[in-house]
Amino acid sequence: MVELRPIVTGDAERLFEWRNLPEVRRYMFTDLPIRREEHDRWFKSVLVDATRRDWIIQTDGVPAGLISLTSIDEHNSRCSWGFYIASQALRGRGLGSSAWFQTLRYAFDDLELEKVSSEVLDTNLSVIALHERFGFRREAYFRSHVRRGDERIDVIGLAMLRADWQLCRPGIEDQLRRNERSHADLKGK
């Protein structure tokens, strides 16, 4: 069972540790270690920023990652989003897909947004593929957009419109149900 709960003050240390995990940082726009002061400023701003929503992804009550809607723009009816599963042991079990579905449902059904977009390093092939399986379309290709040491990395811009969501939602729900049954069967063995 995957649930999303809003972040709270008590999540500051957990998020500091997660954001500094090499396997999380390698897919962020900056792969440099995040200093405590920088994290504290970021975390305080997140708690009061009305243009974002942040949730801890949990499975069976165990915190596993973070998913966020950012730059929520009511006038233009759009936002951006991002996520990560911090727990290496919990990756590949469908947590990300379930959290995505819940977050997209919130963005399109509750906030009534028209568009959800994301920018992904072109080296993060699994997340690009996940976006596309969910019905996101590639809208942009930012060449040499991010610097990592002496290397330049391209970024893929992807987005889903409300109309895409309405078309894709039933298939996504079916796939998530099949995944849940499959994982439940594996647990039972």
Can you tell me how far apart [atom1] ([X]) and [atom2] ([Y]) are? Round to the nearest 0.5 Å.
X: S97; Y: L130; atom1: OG; atom2: CG; result: 4.5 Å
X: L158; Y: E139; atom1: CG; atom2: CD; result: 8.0 Å
X: L47; Y: T9; atom1: CG; atom2: OG1; result: 5.0 Å
X: F16; Y: L21; atom1: CZ; atom2: CG; result: 10.5 Å
X: E114; Y: L161; atom1: CD; atom2: CG; result: 5.5 Å
X: I67; Y: T103; atom1: CD1; atom2: OG1; result: 3.5 Å

If we only count heavy atoms from C-beta on, is the [X] to [Y] side-chain gap below 4.5 Å?
X: E132; Y: I156; result: no
X: W18; Y: Y84; result: yes
X: V116; Y: C79; result: yes
X: R169; Y: D109; result: yes
X: E119; Y: H145; result: yes
X: E3; Y: W55; result: no

Could you state whether [X] and [Y] fall into the same hydrophobic cluster, counting links through intermediate Ile, Leu, Val, Met, Phe, Trp or Tyr residues with side-chain heavy atoms under 4.5 angstrom apart?
X: V155; Y: M28; answer: no
X: V120; Y: L104; answer: yes
X: I72; Y: W100; answer: yes
X: I7; Y: I57; answer: no
X: I153; Y: I128; answer: no

Report task. Show the numbers, then the answer: is there a side chain to side chain contact (heavy atoms under 4.5 Å, CB included) between R52 and S68? Result -> CA-CA 7 Å; R52 64 182 298 144; S68 303; 3.9 Å; yes
[X] versus [Y], closest heavy-atom pair with distance:
X: F43; Y: L15; value: CE1-CD1, 3.6 Å
X: C168; Y: G135; value: SG-CA, 3.8 Å
X: F29; Y: V146; value: O-CG1, 3.1 Å
X: R137; Y: D164; value: NH2-OD1, 3.7 Å
X: F108; Y: R162; value: O-NH1, 3.0 Å
X: L69; Y: A107; value: CD1-CB, 4.0 Å

For [Y], does its backbone N or O pair with a side-chain atom of [X] as donor and acceptor, under 3.5 Å?
X: D11; Y: V8; result: yes
X: H39; Y: A12; result: yes
X: D174; Y: G171; result: no
X: R53; Y: A50; result: yes

Query raised in the report: Can you list the steps and then say if Q102 with R105 is a side chain to side chain donor-acceptor pair (under 3.5 Å)?
Result: CA-CA 5 Å; Q102 293 176 54; R105 187 174 54 207; 4.9 Å; no
Query raised in the report: Is E74 atom CD crowded by more than 12 heavy atoms from other residues, nucleotides or ligands, each under 6.0 Å away?
Result: no
Requested in this report: Specify whether F101 and W165 have parallel, tilted or perpendicular ring planes, treating 30° as the upper limit for parallel and 60° as the lower limit for perpendicular.
Outcome: tilted
**Report entry** Cationic tip of R19 above W42 ring, under 6.0 Å, 45° of axis
**Finding:** yes
Query raised in the report: Under a 4.0 Å N-O cut-off, is there an ion pair linking D40 with R36?
Result: yes
Report task. Sort and list the pairs that fulfil salt bridge (charged side-chain N to carboxylate O under 4.0 Å, His left out) and have at least one residue in residues 142-158, not counting sequence neighbours. Result -> D31-R148
Report task. Measure from the ring center of F136 to the ring center of W81 and say whether it is less than 6.0 Å. Result -> yes
